[in-house]
Number of protein chains: 2
Amino acid sequence: MTESNNQPYHHGDLRRVLIEAALGMLQEDKGLQFTLREIARRAGVSHAAPYRHFSDKVALLTELAEVGFEKMGEQLTAAIQENLPIEEQLIAIAKAYIKFGTSNPALYQLMFSADAGEKEDERAMATLNILITLLKRGQEEGAFKIRPLQGHAAACCAMVHGLTMLAIHGLLEPEKFGENPIESALATLLEGIAN
Amino acid sequence: MTESNNQPYHHGDLRRVLIEAALGMLQEDKGLQFTLREIARRAGVSHAAPYRHFSDKVALLTELAEVGFEKMGEQLTAAIQENLPIEEQLIAIAKAYIKFGTSNPALYQLMFSADAGEKEDERAMATLNILITLLKRGQEEGAFKIRPLQGHAAACCAMVHGLTMLAIHGLLEPEKFGENPIESALATLLEGIAN
DNA sequence: TATCCAATGTTTTCATTAGAAACATTAAAA
DNA sequence: TTTTAATGTTTCTAATGAAAACATTGGATA
C-alpha cells in the first residue's frame, strides 16, 4: 500500500484502544454480552487483530475487570477523609463504593462475576478489604462493638455489595424502600455495628 | 416413517422437558451461557423445535426465572415457623433465602439479572416482600425498632441478597469472615434492627 | 547501512449459534 | 372422513469465537 493512507498498517496503540472501546461498550449496552468483533470494528481494525493482544475473550474480560478494580480503588481511596469520625468515614466509603457500582453497572458486575477468571476474586477481596480495615480501626478506637469483627466484616461487605446490586437492577423502589434506601440501609447497618 | 420408532414425531411434553433440561444445565454449568441448541439436543429434538414453545431465548430464560421464583417461594413459605419469636423467624427465612440462592446459583442469578425480562423485577420484589412483611410484624409486636421501616427493609433485603451473591461467588472466605459468615452477618443485621 | 526477525495486522477458513422459512406429521375438531 | 392447527424437521442466513496462513513494519544486529 504505497498510497498515502491515514490508516497505517500497525495501529500502534491497539491494546489500549481495544480496552477503551470495550469499556465504552460496557457503559452503553449495560450488559457484558458485547462481541470481540464489534470491539475490533470500533477500533477500526480487522476482527482478528484483538487476538494479537488477548488470547481470547476471557482474557480481555479479565483485563477489563482489572482496570475496573484499579479505577474503583482510586475512587475509594479518594473518598477517605481521615479527619471525620470513624462512623462517617465508613459511611462515606460505603457510599463511594456503591456509587462506583451504580455508575459502572456492567463493569462492576463483570468484576464480581467470575467470568473474568480466578484471580479477580483476590482483587474483589482486596477492594472489600478497605471496608474491613476501617471496621478494625473503629473497634480499636472504641467506636464499634468488639465482639465479632468477622461477622461485622461480612455484614458490611454483604450490605454494600447487596445494595449495589439491587440498585443496579433498579430494585430499590421508593414505594418500598423510601426516598433514600441506601442512606437508611447504611444507617441500619451502623446501628448493628457501632457502640 | 412407517417403521416402529420409539421416538414419535410429536414429543408430547416438550415444553416441560425443555424447561427441565435447561434447569439441569443451569445446575451443572453454573453459568447461564447455555445454548438453545444444547437444550434441544438433550431433549432429543431438532434445534428448531424449541421455537415452537418459546419465541426466543429470552422467553425461555423468562420462563426459567418464573419457575425459579415459584420454587423459591415454596421453600421460603416452608421455612416459616409461626411459633418462634419474630427475630428467629426472620433469621430462619433469611437462611432459607440464602440457601436457595447458593443451592441454585445460576438460577438465582438469572432471576435477579434482568436478562429474563422486565416482569421478573416484580417477582423479585415479591420474593423480598416476605422479609419485609416479617419486619413489619416485628415492629407491630414491639420486637423491632420502629423508626425507619423502609430503611430496615432495604438493609434486610440488601443483606440477604449480598450474602447470597458473595456466597455464590465464593467470596466469603473463612480467613476473612470466620467459619460462619452468614450466621454472624445476620446477627449483626439483627442488632441494628431489634430492640 | 543492509538484513533479518519478531511483533502486529489481515485474510481466509471452520465450527457453532440464534433465528427465519418452508416443509412434514399428527392429533383433534368439524 | 376431511380439514386444520399444533408441533417437529430441514434448510438457510448472518454473526460469532477462534485458528491458521499470510503481509507489513520497526528495530536489533552484523
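Note on naming: letters A, B, ... go to the chains in the order of the sequence lines (proteins, then strands), and numbering restarts at 1 for each one. Given the structure is predicted, the values throughout are model-derived calculations rather than measurements.
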Taken to the nearest whole Å, OH/Tyr51(B) to C1'/dT13(D) is 13 Å
Rounded to whole angstrom units, what separation is found between the CZ atom of Arg15(A) and the P atom of dA7(C)?
14 Å
Distance-only donor-acceptor hits, side chain of residues 134-143 of chain B, under 3.5 Å, sequence neighbours excluded:
from      : atom 1 : to        : atom 2 : distance (Å)
Gln139(B) : NE2    : Lys145(B) : O      : 2.8
Gln139(B) : NE2    : Ile146(B) : O      : 2.9

Mind calculating the distance between CD (Gln33(A)) and P (dG17(D)) to the nearest angstrom?
11 Å
For the pair made of CZ in Arg16(B) and P in dT7(D), what is the distance, rounded to whole Å?
15 Å
Rounded to whole Å, how long is the line connecting atom CZ of Arg52(B) with atom P of dA27(C)?
17 Å
Just the rounded figure in Å: distance from P of dG19(C) to CG of Asp56(B).
5 Å
Enumerate the residue pairs fulfilling salt bridge (charged side-chain N to carboxylate O under 4.0 Å, His left out) with a member in residues 149-172 of chain B, sequence neighbours excluded, ordered by first and then second residue.
none
Let me know the distance between CD1 of Ile39(A) and P of dG17(D), rounded to the nearest Å.
8 Å
For residues 152-165 of chain B, which side-chain donor-acceptor pairs fall under 3.5 Å, sequence neighbours excluded?
from      : atom 1 : to        : atom 2 : distance (Å)
His161(B) : ND1    : Tyr108(B) : OH     : 2.6
Thr164(B) : OG1    : Val160(B) : O      : 2.6

Between protein and nucleotides 11-17 of chain C, what N or O pairs are separated by less than 3.5 Å?
from    : atom 1 : to       : atom 2 : distance (Å)
dT17(C) : OP2    : Arg41(B) : NH2    : 2.8

Value in whole Å for how far the P atom of dT7(D) lies from CG of Asp13(B)
11 Å
Check whether any side-chain N or O of Asp56(A) sits under 3.5 Å from a backbone N or O of Ala59(A) as a donor-acceptor pair, and report yes or no.
yes
Could you list the residues that satisfy salt bridge (charged side-chain N to carboxylate O under 4.0 Å, His left out) with Lys99(B), not counting sequence neighbours?
none
Result block: side-chain N/O donor-acceptor pairs under 3.5 angstrom for residues 71-88 of chain A, not counting sequence neighbours:
from     : atom 1 : to       : atom 2 : distance (Å)
Thr77(A) : OG1    : Gly73(A) : O      : 3.1
Thr77(A) : OG1    : Glu74(A) : O      : 2.9

